[in-house]
S.K.: 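Got a structure for you, written out below as structure tokens; questions coming shortly.
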Number of protein chains: 4
Amino acid sequence: MTSPVQVGPLLRQMIDEGRVSDPATPRGRLLATAARLFREKGYNRTTMRELAAEVGILSGSIFHHFESKDEILFGVMHEVVLAMDDALATALAEATTTRDKILAIIHTELAFIHGKTGDATAVLIYEWRALSEKRQRQVLKVRKNYFKLWEEVFAQAHAEGLTLVEPEYLSQLLHGAMAWTTYWFKQGGKLSQDELANRVLALAIKE
Amino acid sequence: MTSPVQVGPLLRQMIDEGRVSDPATPRGRLLATAARLFREKGYNRTTMRELAAEVGILSGSIFHHFESKDEILFGVMHEVVLAMDDALATALAEATTTRDKILAIIHTELAFIHGKTGDATAVLIYEWRALSEKRQRQVLKVRKNYFKLWEEVFAQAHAEGLTLVEPEYLSQLLHGAMAWTTYWFKQGGKLSQDELANRVLALAIKE
Amino acid sequence: MTSPVQVGPLLRQMIDEGRVSDPATPRGRLLATAARLFREKGYNRTTMRELAAEVGILSGSIFHHFESKDEILFGVMHEVVLAMDDALATALAEATTTRDKILAIIHTELAFIHGKTGDATAVLIYEWRALSEKRQRQVLKVRKNYFKLWEEVFAQAHAEGLTLVEPEYLSQLLHGAMAWTTYWFKQGGKLSQDELANRVLALAIKE
Amino acid sequence: MTSPVQVGPLLRQMIDEGRVSDPATPRGRLLATAARLFREKGYNRTTMRELAAEVGILSGSIFHHFESKDEILFGVMHEVVLAMDDALATALAEATTTRDKILAIIHTELAFIHGKTGDATAVLIYEWRALSEKRQRQVLKVRKNYFKLWEEVFAQAHAEGLTLVEPEYLSQLLHGAMAWTTYWFKQGGKLSQDELANRVLALAIKE
DNA sequence: TATGAATGAGTCTTCATTCAT
DNA sequence: TATGAATGAAGACTCATTCAT
């Protein structure tokens with residue numbers, strides 16, 4: 001019964017502005033449940049009936065809130081993408097050194113992958129091709145913003161000699177490395193999320 | 001009309017031993033085509049009819065070669081996994097220094113992702129959950145061998161002070177970083193596959 | 001915002017007597033809009049939501065005015081059928097010669113098909129089978145009256161040697177010929193409605 | 001179990017040429033049954049399950065022969081339209097006087113409406129709007145041919161002073177008059193089909 | 001071994017209707 | 001009277017799989 005995205009003060013504000021669905025509304029509950037199911041079973045293997053059952057309504061009722069299954073997938077992805085962009089912008093604004101900015105990127109990414117928004121983030125990454133092309137384009141617009149923030153930081157780091165790999169490649173490599181942690185990193189294991197962040201940082205910068 | 005895996009002398013031998021399907025047989029052609037379609041459209045969105053049509057037979061005929069769609073997916077994954085394991089073992093045997101062994105790992109992985117076996121490798125990585133659990137376990141057996149090779153090399157590297165991150169984490173992080181290259185690295189772009197390998201190496205090793 | 005039937009002094013009286021809905025009431029507006037939509041898109045392809053939306057209310061609210069979609073269709077048909085019957089009786093009363101009476105029939109029919117009540121008339125003709133059998137019977141009662149007026153006139157004409165075809169067949173043939181004009185005759189084209197009436201008359205009467 | 005269109009020597013040839021479905025094939029049986037059901041209950045109120053049941057297969061099997069319900073409707077309409085065009089061309093070729101040509105038109109039309117192809121013809125006329133616009137255009141191409149034959153004959157008749165009403169209007173009026181006979185004329189009643197044809201002729205020509 | 005029609009359970013989606021507020 | 005979320009039965013369509021030929 002949680003939102004597909006983590007509800008912090010930032011998200012609170014986004015919800016109030018109507019950019020993200022309130023988890024207390026049917027729409028919000030539907031999106032959160034969809035995120036979980038899509039992650040657990042995959043988009044195609046999740047049926048509208050299952051989704052409805054988990055939310056406690058009948059399958060036909062879903063269509064009061066979304067016009068198609070595709071729109072639900074879009075909802076899950078779009079909201080998490082908006083939230084990530086927002087969260088990263090805020091985190092970067094608070095960081096001063098370039099090293100801290102890189103850490104901010106890593107922490108934000110890992111927070112979304114392994115925090116309350118983990119389901120939506122995993123869906124964003126691994127069910128991308130299930131989304132209709134038309135809606136992929138819409139999500140991509142926001143997504144590009146997000147990665148521009150990465151590349152700016154890595155460009156600065158490269159200029160400072162802090163990193164060896166070119167900004168665009170480093171972005172992609174680190175993004176892949178962190179995306180894959182969904183499959184092996186578990187919160188509460190012997191490696192903490194902060195420690196994981198440090199390992200990723202160790203890949204990015206030379207000491 | 002190619003095999004799902006690249007046919008070198010090693011594979012030739014595997015084929016002759018019956019461990020991998022000959023691309024000249026219906027079974028081999030079916031697997032190669034399935035790999036491509038599963039990659040392009042996703043497992044669920046590929047129908048048996050399409051697969052049959054591309055191979056030039058009728059849908060009913062597929063079932064003379066495979067007992068189910070799941071078995072085809074298994075075939076694609078199992079063969080590529082066997083081939084990777086084989087290829088890596090050979091490459092490591094030829095490398096002398098630990099640094100070279102790391103490069104061997106990276107080159108082998110990238111060769112499978114971006115070479116002729118790219119389709120099968122992408123399917124292995126991104127359609128994993130579409131495979132029935134029972135068969136996932138079978139593939140996993142071989143897969144574990146493969147990553148044991150990685151970890152042994154990274155353990156040695158760590159002991160030599162060549163790498164900073166613990167072997168098990170480094171394996172996973174690099175694996176993720178390289179898996180993701182499917183989405184952004186294109187053969188014949190301004191970055192060559194060898195140059196890409198060097199960038200990955202630069203993440204792993206602090207010179 | 002018009003009634004499904006044309007509001008002349010006759011209809012005014014019918015409205016005042018409660019036999020036809022006032023277009024100023026929600027019921028009247030609903031019927032007029034339904035007539036238009038049923039004609040444009042067909043009964044089955046018109047949804048209650050669309051109908052409600054066009055009238056400016058919500059779908060649930062319709063059911064305060066009509067107990068079912070079928071009742072709406074009935075309303076549309078019943079009112080137009082009453083109005084036609086009424087209009088024809090009046091027109092015939094004013095005609096003196098048999099020829100004029102035939103013209104009165106033709107003009108009345110064409111007026112309903114191509115005038116403000118055109119939507120309702122088209123629905124009456126072309127969505128007949130969408131109406132429940134029970135309500136078909138109700139409409140049929142009035143409808144029979146209407147055609148009895150036709151047959152009486154054509155019987156007289158036949159007796160006078162004015163027409164060649166037997167009354168009952170001539171009624172049906174002319175009715176069909178005029179009903180079909182919905183599909184090809186457009187008000188304001190090179191043929192006026194009066195000229196069209198003369199063409200129909202020319203079929204019926206051998207000068 | 002009859003074809004949607006009457007199987008005479010002409011149709012036999014069309015079938016052999018593959019332009020019309022053989023009623024002995026599944027496709028042909030499906031079309032004939034669909035024509036009957038669409039006529040009896042209307043296109044929208046006929047379900048694929050019903051259609052399948054009447055043909056003796058399961059609903060899913062229909063989609064081996066047609067890709068959608070719309071394509072079935074198209075099939076029914078297209079084949080009857082082709083057959084009408086063919087039949088009329090032949091009949092006109094055999095008629096010598098203009099009067100006989102008009103009779104040929106009337107007989108052909110009535111034959112299609114009340115003969116074995118009556119179901120398909122009724123569907124063509126009364127379910128027109130249920131057909132997708134794209135496919136309407138395809139049917140229209142053939143349909144226009146058919147009515148061009150009418151207009152040519154009526155133009156000749158008009159020139160000869162045989163008819164009073166202009167060719168284009170006479171075509172439409174007679175077409176409407178005959179289309180409507182579906183609803184009131186029954187084979188084997190007190191009026192024979194030939195006698196009905198004479199009544200229609202009486203409308204068209206002045207003695 | 002290949003065919004291809006048929007299966008039948010399952011999918012997303014639609015929509016008239018209900019009803020608590 | 002109006003709302004609008006929810007209902008639930010029904011619709012068209014999909015597709016891996018079967019099997020007689």
Side-chain angles (χ1 to χ4, degrees), chain A residues 25-27 29-30 43-53 55-73, chain B residues 25-27 30 43-53 55-73 132, chain C residues 25-27 30 43-53 55-73 132, chain D residues 25-27 29-30 43-53 55-73:
Chain A
T25 65
R27 186 190 157 88
R29 239 172 305 140
L30 235 13
Y43 175 78
N44 281 289
R45 285 174 294 280
T46 302
T47 71
M48 295 298 260
R49 248 190 266 287
E50 279 172 313
L51 173 54
V55 172
I57 58 178
L58 287 186
S59 74
S61 307
I62 295 182
F63 293 86
H64 264 270
H65 306 286
F66 297 93
E67 68 176 18
S68 67
K69 196 181 176 185
D70 188 63
E71 205 201 62
I72 297 179
L73 182 56
Chain B
T25 65
R27 185 189 159 89
L30 235 12
Y43 175 78
N44 279 286
R45 283 175 295 279
T46 302
T47 70
M48 294 297 259
R49 249 198 254 301
E50 280 171 310
L51 174 54
V55 172
I57 59 177
L58 287 182
S59 73
S61 308
I62 295 184
F63 292 87
H64 288 284
H65 305 285
F66 295 93
E67 68 175 16
S68 68
K69 196 181 178 186
D70 189 62
E71 206 202 56
I72 296 178
L73 181 57
S132 66
Chain C
T25 65
R27 185 189 157 89
L30 236 12
Y43 175 79
N44 280 286
R45 285 175 293 279
T46 302
T47 71
M48 295 296 259
R49 250 198 253 301
E50 279 172 311
L51 174 54
V55 173
I57 60 177
L58 286 183
S59 74
S61 309
I62 295 183
F63 293 86
H64 289 282
H65 305 285
F66 295 93
E67 67 175 17
S68 68
K69 196 182 176 186
D70 188 62
E71 206 202 53
I72 296 179
L73 182 57
S132 65
Chain D
T25 64
R27 186 189 159 90
R29 240 171 304 141
L30 235 11
Y43 175 77
N44 281 288
R45 285 174 293 281
T46 302
T47 70
M48 295 297 260
R49 248 188 268 286
E50 279 172 313
L51 173 54
V55 173
I57 58 176
L58 288 186
S59 74
S61 307
I62 295 182
F63 294 88
H64 263 271
H65 307 284
F66 297 94
E67 68 177 18
S68 67
K69 196 181 175 184
D70 188 63
E71 206 201 62
I72 296 179
L73 182 56

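Below, read A as the first sequence line, B as the second, and so on, with proteins coming before strands; counting in each chain starts at 1.
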S.K.: So do the side chains of A:Asp70 and A:Tyr43 get within less than 4.5 Å of each other, counting heavy atoms only?
M.R.: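 Touching, per the 4.5 Å side-chain cut-off.
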S.K.: Please figure out whether D:Gly60 or B:Ser61 has its closest DNA chain E nucleotide nearer the 5' end.
M.R.: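 Its nucleotide being nearer the 5' end, the pick is B:Ser61.
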S.K.: Kindly point out which of E:dG4, F:dT17, F:dA2 is positioned nearest to the side chain of B:Ser68?
M.R.: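 Of the options given, the side chain of B:Ser68 lies nearest F:dT17.
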S.K.: For D:Thr25, answer base if it contacts any base atom (sugar-phosphate contacts may also be present), sugar-phosphate if it contacts only those atoms, and nothing otherwise; contact means non-hydrogen atoms under 4.0 Å.
M.R.: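 Answer is nothing: D:Thr25 stays at 4.0 Å or more from every strand.
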S.K.: Whole-Å distance between F:dA16 P and B:Glu71 CD?
M.R.: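 Rounding to the nearest Å, CD of B:Glu71 and P of F:dA16 are 15 Å apart.
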S.K.: Hey, what do you get for NZ (D:Lys69) to OG1 (D:Thr46), rounding to the nearest 0.5 Å?
M.R.: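 The OG1 atom of D:Thr46 is 6.0 Å from NZ of D:Lys69, to the nearest 0.5 Å.
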S.K.: To the nearest Å, give me how far apart CD1 (B:Ile62) and P (F:dC19) are.
M.R.: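 B:Ile62 atom CD1 is separated from F:dC19 atom P by 17 Å.
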S.K.: Report the nucleotide, chosen from F:dT18, F:dT14, E:dT13, that has the shortest atom-to-atom distance to any side-chain atom of A:Met48.
M.R.: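 For A:Met48, the side-chain atoms sit closest to E:dT13.
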S.K.: Let me spell it out: for each of D:Arg45 and B:His64, pick the nucleotide of DNA chain F with the closest heavy atom. Which residue's pick is nearer the 5' end?
M.R.: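 The residue whose closest nucleotide sits nearer the 5' end is D:Arg45.
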S.K.: Determine: side-chain N/O of A:His65 to OP1/OP2 of F:dG4, distance under 4.0 Å, yes or no.
M.R.: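 Checking F:dG4 against A:His65, no side-chain N or O comes under 4.0 Å of OP1 or OP2.
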S.K.: Can a donor-acceptor pair be found, under 3.5 Å and without considering hydrogens, that links the side chain of C:Glu71 to the backbone of C:Ser68?
M.R.: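 No; judged by distance alone, with no hydrogens or angles, the pair does not exist.
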S.K.: Figure out the CG/P separation between D:Asn44 and F:dA10, and round it to whole Å.
M.R.: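 Rounded to the whole Å, the gap is 17 Å.
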S.K.: Which nucleotide wins on minimum distance to the side chain of A:Ser59, given the candidates E:dA2, F:dG4, E:dT13?
M.R.: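 From the listed options, E:dT13 comes nearest.
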S.K.: Can you tell me the distance, in whole Å, between the CG atom of D:Asp70 and the C1' atom of F:dG11?
M.R.: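 From D:Asp70 CG to F:dG11 C1': 15 Å.
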S.K.: Starting at the 5' end of DNA chain E, which residue's closest nucleotide do you reach first, C:Glu67 or D:Leu58?
M.R.: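 Its nucleotide being nearer the 5' end, the pick is D:Leu58.
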S.K.: Nearest 0.5 Å, what's the CE-CD1 distance between B:Met48 and B:Ile72?
M.R.: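 Between atom CE of B:Met48 and atom CD1 of B:Ile72 there are 4.0 Å.
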S.K.: Find the distance B:Ile72:CD1 to F:dC15:P and express it as a whole number of Å.
M.R.: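 Answer to the nearest Å: 15 Å.
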S.K.: Quickly work out the D:Lys69 NZ to F:dG11 C1' distance and round it to whole Å.
M.R.: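 In whole Å, F:dG11 C1' and D:Lys69 NZ are 8 Å from each other.
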S.K.: Determine which nucleotide pairs with E:dA6, using a 3.5 Å limit on both distances of a Watson-Crick or G-U wobble pair.
M.R.: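 In the structure as shown, E:dA6 has F:dT17 as its Watson-Crick or wobble partner.
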S.K.: Could you check which of E:dA2, F:dC13, F:dA5 has an atom nearest any side-chain atom of D:Arg49?
M.R.: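 In terms of side-chain proximity for D:Arg49, the closest of E:dA2, F:dC13, F:dA5 is F:dC13.
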S.K.: How long is the line joining CD of A:Glu50 and P of E:dT11, in whole Å?
M.R.: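 Interatomic distance, CD of A:Glu50 to P of E:dT11: 7 Å.
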S.K.: A side-chain contact here means heavy atoms from C-beta on lying under 4.5 Å apart; do B:Val55 and B:Ile62 qualify?
M.R.: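 Not in contact.
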S.K.: What is the separation between atom CG on D:Leu30 and atom P on E:dA5, rounded to the nearest whole Å?
M.R.: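 Result: 12 Å.
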S.K.: At 4.0 Å (heavy atoms only), tell me whether C:Ile57 reaches a base, stays on the sugar-phosphate, or touches nothing.
M.R.: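 C:Ile57: backbone/sugar contact only, no base atoms under 4.0 Å.
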